[in-house]
Structures are given as structure tokens and as C-alpha cells.
Amino acid sequence: MTILTGIAKKIVNNRLLEEDQVIKIFNESSHKGQSFVRTLVNDKILDAEVLAEIASHEFGIPYFDLTSFNSDYLPSLRIKSESIENGLALPLFQRGNKLYVAISDPTNLQVIDDIKFQTGTYPEPVVVADDLLIRISSDAATHGELSTLDDIDDEALESLELTTDSELMEEESDDGGSDDAPIVRFVNKMLLDAIDTGVSDIHFEPYERFYRVRFRLDGVLREHSKPPVTLGTRLATRLKVLAQLDIAERRLPQDGRFKMRLTKQRFIDFRVSSCPTLYGEKIVLRILDPNSAQMGIDKLGFESFQKEIFLRNIRKAQGMVLTTGPTGSGKTVTLYTALNLLNTPETNISTAEDPVEINVPGINQVNVNIKAGLEFSTALRAFLRQDPDVIMVGEVRDIETAEIAIKASQTGHMVLSTLHTNTAIDTLSRLVSMGIPAYNVASSVSLIIAQRLVRILCTKCKRKVDVPKPALLEIGFEEEEIDSGELKIFEPIGCMYCQDGYKGRVGIYETMEISKKLGEMIMDGAHVMDLAKQSRKEGNWNLRDSGLNKIREGLTSIDEITRVTRD
């Protein structure tokens with residue numbers, strides 16, 4: 001006797017078909033080795049969309065409409081699966097290590113386990129109409145989207161064009177042999193996956209009993225894959241070869257870089273850092289996409305009045321503009337945005353960086369090389385002898401560099417640079433503590449920008465949430481604004497288009513323009529708290545103020561702003 005469960009039972013309960021008829025179809029599909037849902041659709045017994053909605057409700061799996069889905073955007077996964085080839089499942093979208101998979105029959109758990117094993121991801125099923133699943137799968141196979149491992153190994157992963165700063169490297173040396181081919185393919189796949197998902201950093205990490213690769217996406221690290229621990233040394237060697245590092249030196253940290261050519265016009269730079277750990281070398285790759293410097297000022301996240309302050313100060317004939325914040329807070333993109341705005345045939349721009357992260361035509365860029373004796377201070381001295389209009393220093397690290405930069409800003413040059421401090425006010429005290437006289441700080445610094453990057457809520461799944469008044473007051477909202485009823489707060493949910501409810505990042509800023517009053521207070525040796533009060537009095541926002549406005553605009557959540565501005 002056949003006991004009906006799941007979709008079959010729901011069909012009977014909804015009186016779509018009689019129980020005897022459902023049992024007969026169920027047994028026939030089992031005999032044919034065909035999906036029960038597929039049999040109902042192929043024999044035109046029930047509509048595919050009706051079955052998808054029943055399955056979604058019965059199993060608690062989200063329903064996804066494939067009607068307007070474009071197969072061009074399918075993830076280029078290199079996996080073999082009979083279920084995929086037969087149109088029983090189809091990977092639709094990958095975000096970090098989460099892979100959304102379209103299925104029409106949720107009782108087929110084998111395909112989910114199969115995809116999880118082959119991709120190293122965490123499949124998240126969504127229910128779709130069976131006829132559309134077959135059509136999209138067929139289109140993808142026709143256009144080569146569902147290529148097999150064997151196909152992609154020889155034609156794509158090994159043929160990626162990887163270059164160093166000097167010239168094109170050969171993919172394999174004569175003594176490399178076929179033994180290194182799997183390592184080459186794995187590394188190339190990690191690079192492609194990272195670029196496809198918008199990752200900023202890749203971490204290759206060896207441990208005693210396992211090895212893992214993590215991606216930093218939107219500022220958050222997430223595990224991507226776990227290759228065998230025995231491959232750790234070979235992976236490190238491959239990455240060091242690409243970056244032209246000494247593969248025999250495993251006791252000291254090393255730095256290098258290489259490029260990947262995606263198209264004839266587009267290159268992606270990778271900055272490589274190796275560091276010896278207890279169980280091998282940890283390798284971290286920073287992905288440097290030149291397109292990020294071309295994003296434009298309107299996409300940075302400045303409020304309108306902050307944008308006006310920024311533009312006014314970078315266009316001055318002389319002075320110093322400093323950006324500050326922790327590593328990964330977007331300081332470099334802000335500076336490059338300023339340089340792109342100033343980059344005209346009439347302007348001589350020179351930069352000293354360690355290393356040059358983004359190549360910009362029309363700007364004279366110098367790579368600092370400490371071993372060769374080319375330090376920031378050395379480059380700055382050279383710039384001042386070459387008739388500069390704008391100078392960018394990657395970072396003010398020491399008193400010598402700071403003194404030369406300030407001297408340049410006082411003698412008819414615009415100087416842009418960064419410091420590692422938490423707030424704009426902290427930057428002033430940091431310069432003084434480095435040994436710069438207060439009167440030089442007051443007369444040379446025009447603008448200090450403290451910044452952070454916050455994750456943006458996914459527009460497709462964010463949800464309005466009611467937050468208790470005490471919690472809103474605690475984070476910084478005014479009582480009048482809360483009582484007005486106009487404040488709308490959203491929270492992240494998570495869907496196939498985002499990562500945990502967030503997609504992309506935007507900046508929040510503290511733009512402190514050094515006014516005449518602030519300058520006088522700096523020269524008088526005023527305490528940082530008094531300087532902060534004066535800055536607030538002049539209408540400057542701190543980072544929390546900027547973050548609260550992003551919450552008001554529905555761009556991010558309270559949790560995200562609290563996480564980023566809790567210091």
C-alpha cells in the first residue's frame with residue numbers, strides 16, 4: 001500500500017486529483033525512474049506553476065519565478081551532475097559561499113548534496129516551475145554555461161593570462177609537469193570566483209589539520225573552500241611564483257604582485273603578502289580593480305554638504321587634505337576620486353605609494369621601495385623639484401615625511417595623504433604628537449576626512465522593523481524625530497541576490513574643515529574635546545551622525561552602523 005506524503009498528499013488534500021489517480025501516477029513515475037513532479041507536468045496533468053507553489057508551501061522553501069530569468073547571468077560553475085544535466089536542478093546565483101539552486105521537486109535531496117560536495121558551497125534551494133527549469137537548463141547547456149570539469153580544466157582555468165609588473169609569465173615551467181596542473185586550476189578558479197563575486201581579499205590559510213580559503217566580501221570574511229591540507233605548501237608556492245617571490249624563503253614575510261587579464265582593456269591587479277605561521281605560509285591577496293577608482297564622487301556616499309566641502313578643499317591652490325580610518329575603510333578610493341577630478345592636462349600630479357594600487361593615466365606614480373632607499377620622504381623631495389601642482393602621499397608614517405608634506409602644502413602645492421587614526425580630531429593630536437608644531441598643523445591642514453564603509457541593505461529583501469524608542473534614543477536619534485512617526489527602520493533578511501541581507505557598501509564620513517576658529521584653537525593647544533565641540537558647533541557631522549542618516553534613508557541597518565561606529 002502506497003502512503004502519500006509531501007506534494008502528492010497536498011494534491012489530494014486540495015482536491016486537485018483523486019487519491020487513486022495520484023497513487024497510480026506516483027507508482028508510474030517511480031517505475032520510470034522519473035520525478036513525480038516531472039511526470040505530472042510532462043503528461044499535462046497539472047500546471048507546473050501550481051505544483052511549484054504547492055511544493056513551496058508544503059516544504060517551506062521559497063518560490064522563485066523563472067519567467068524573466070536571464071540565463072546569461074548563471075554562475076559559471078565547473079561541476080558534473082546527472083541531476084543538472086537532466087534538468088532536475090540548476091545553480092542560479094552565488095553570493096559568497098551560498099549557492100542558490102533551482103529545483104522543482106524538493107524531495108530530491110541527493111542533487112543538493114551532490115552540488116554541495118562538488119562546489120564546496122552551501123546550496124540554498126528555491127522552488128521553480130518544472131517546465132521553466134527544463135528550458136533554462138537546456139539554454140544554459142546549449143550556450144556552454146554548464147561546462148564539465150574536464151572541459152574547463154583545459155580550455156579556461158589553465159589558459160588564464162597572468163602577468164607580473166615586468167612581462168607575461170609562462171603558466172608552467174618545463175619541470176612543472178602535469179603534477180602542478182590541479183594546483184594551477186584551483187588557484188585560477190579561486191581568482192575567478194573572487195572577481196565574479198566582488199571580493200576584496202582572498203586568504204589562503206594553513207592549519208594543523210585543515211586548510212581553508214576565505215573571501216572578504218563587503219568587509220566580512222567568509223569561508224569559501226577547504227582544499228586538502230596536504231596541498232598547502234604547493235598552493236603557497238604557486239602564489240609566490242605568480243608574485244615573483246622567493247619560493248625558497250619560508251621564514252620571512254614577503255610582498256609582491258601580479259595581474260590577471262580579463263579582456264584586452266581590463267586588468268585586475270593582485271597584491272600578494274606571505275607570512276610564515278605555525279603550520280605553513282599564510283598568503284593574502286588584495287584584489288585591486290582599477291574600475292573602483294572610476295566610480296565617481298556621487299557613489300562614495302558623501303552627504304550633499306560634505307561633498308561641497310570636499311570639492312572646495314581639493315580644488316584649493318595649496319593646503320593639505322587628509323583621509324583617516326582603519327585599513328579597508330575606503331581611504332584609497334576617496335583619494336583616487338579626488339585625483340581623477342583634478343587630473344587635467346593643465347595639472348601636474350605626482351603620487352608616492354607603497355605600493356601603487358591603481359594605475360591612472362596622466363598621473364606620475366612612484367612605487368616606494370624601502371630596500372632600494374626610495375622612501376616617502378625621498379619621493380617627496382624629488383616631486384618638489386619637478387614643478388608639481390598636486391602631490392599624493394600614500395601615508396604619513398613618520399616625522400620626516402610629515403614635515404616635507406606640510407612644507408609642500410605651505411608653498412603652493414595641494415597635498416593629499418592618509419593617516420591611521422579613528423576620528424578627524426585624533427588626526428590633529430596625532431600630527432602634534434609626531435612632532436609637528438601646532439602652528440604648522442593649523443596653517444597647512446585644510447580638511448580632515450574620517451571614514452568607514454558600511455554594508456548596504458539589499459533592496460529586494462530588506463524589511464521594515466519596529467524598534468523600541470529607548471533603543472533609537474540610545475543609538476542617537478532625537479526624541480522629536482522618533483515621535484513624529486516618519487522614521488522608518490529596515491533590517492536585513494537575506495535572499496538569492498545578496499549576502500545575509502546586504503549587497504555592496506557605501507561610505508560614511510566626518511568632514512572636518514579647519515576653520516579660522518579651529519585653527520586658532522589648535523595653535524593655542526586646545527584639548528581634543530574642545531576641538532570636537534567647536535567642530536560640532538560649526539555643523540560638522542561625526543561618523544555616527546552620518547551613519548544615522550544612512551539609516552533614515554533606508555540604506556543600512558542599525559546593527560551595521562553600531563558595528564562600524566562602536567569605537
State, to 0.1 Å, how close A408 and H413 come at their nearest heavy-atom pair, and which atoms those are. O-ND1, 2.9 Å

If only side-chain N and O atoms count, and only distance matters, is there a donor-acceptor pair under 3.5 Å linking E486 with S484? no

Is K240 salt-bridged to E281, going by a charged N under 4.0 Å from an acidic O? yes

Any side-chain to backbone donor/acceptor pair from N364 onto I349? Under 3.5 Å, distance only. yes

Pairwise distance CD1(I456) to CG(D218) - rounded to 0.5 angstrom: 8.0 Å

Do D500 and R222 have side chains that get closer than 4.5 Å, going by heavy atoms? yes

May I ask you to decide whether D298 forms a salt bridge with K307, counting only side-chain N to carboxylate O separations under 4.0 Å? yes

Check ion pair R397-D354 (N to O, under 4.0 angstrom): yes

Under a 4.5 Å cut-off applied to non-hydrogen side-chain atoms, are I558 and L472 in contact? yes

Rounded distance [0.5 Å steps], CE in M320 versus CD1 in I448: 10.0 Å

May I ask you to test the T565-I508 pair for a side-chain heavy-atom distance under 4.5 Å? yes

Just say parallel, tilted or perpendicular for the rings of F204 and Y211, cut-offs at 30° and 60°. tilted

Please answer whether the main-chain N or O of V213 pairs with a side-chain N or O of S225 as donor and acceptor at a distance below 3.5 Å. no

Please report the closest heavy-atom contact between P206 and G280, naming both atoms and the distance. CG-C, 3.6 Å

Checking the side chain of R544 only, and the main-chain atoms of I475 only, is there a donor and an acceptor separated by less than 3.5 Å? yes

With rounding to the nearest 0.5 angstrom, report the CD1 to OH distance, I309 to Y509. 13.5 Å

Show me, pair by pair, the donor-acceptor contacts under 3.5 angstrom made by side chains of residues 381-392, not counting sequence neighbours?
from: R381; atom 1: NH1; to: E400; atom 2: OE2; distance (Å): 3.3
from: R381; atom 1: NH2; to: E400; atom 2: OE2; distance (Å): 2.4
from: D389; atom 1: OD2; to: N348; atom 2: N; distance (Å): 2.8

Do the side chains of E205 and T277 get nearer than 4.5 Å, heavy atoms only? no

Considering only heavy atoms from C-beta outward, does the side chain of V199 approach that of H224 to under 4.5 Å? no

About how many Å separate CG of N540 and OG of S546, when rounded to the nearest 0.5 Å? 12.0 Å

Under 3.5 Å, is there a donor-acceptor pair linking the side chains of N549 and E553? yes

Is it true that, when you exclude E520 itself, more than 12 heavy atoms of the residues, nucleotides or ligands shown sit nearer than 6.0 Å to its CD? yes

Heavy-atom check, side chain of R552 versus side chain of L487, under 4.5 Å: yes

Just by distance, no angles: are the side chains of T323 and Q451 close enough, under 3.5 Å, to form a donor-acceptor pair? no

R286 (side chain) donor-acceptor with S273 (main chain) under 3.5 angstrom: no

Which pair of heavy atoms, one from L518 and one from E513, lies closest together, and at what distance? CD1-O, 3.5 Å

Can you tell me if NZ on K316 sees more than 12 non-hydrogen neighbours from other groups inside 6.0 Å? yes

With a sphere of 6.0 Å drawn around CZ of F305, does it hold more than 12 non-hydrogen atoms of other residues, nucleotides or ligands? yes

Is a donor on one side and an acceptor on the other found under 3.5 Å between the side chain of T418 and the backbone of G394? yes

Looking at I202 and M190, what are the two nearest heavy atoms and their distance? CD1-O, 4.1 Å

Shortest non-hydrogen contact between L453 and V564, atoms and distance: O-CG2, 3.9 Å

So that I can tick it off, tell me whether D559 and R563 are bridged by a salt bridge, with the cut-off set at under 4.0 angstrom between side-chain N and carboxylate O. no

Exercise: identify the closest heavy-atom pair between E479 and K469: OE2-NZ, 3.0 Å

Output yes when a side-chain donor or acceptor of N340 lies under 3.5 Å from a complementary backbone atom of Y336, and no otherwise. yes

What I want to find out is whether K550 reaches E303 closely enough, with some N-O distance under 4.0 Å, to be called a salt bridge. yes

Under a 3.5 Å threshold, yes or no: a donor from one side chain and an acceptor from the other, between E403 and N440? no

Are more than 12 heavy atoms from other residues, nucleotides or ligands located less than 6.0 Å from atom NZ of K464? yes

Minimum side-chain heavy-atom gap T556-Y502 below 4.5 Å: yes

State whether the number of non-hydrogen atoms from other residues, nucleotides or ligands found under 6.0 Å of K98 atom NZ is greater than 12. yes

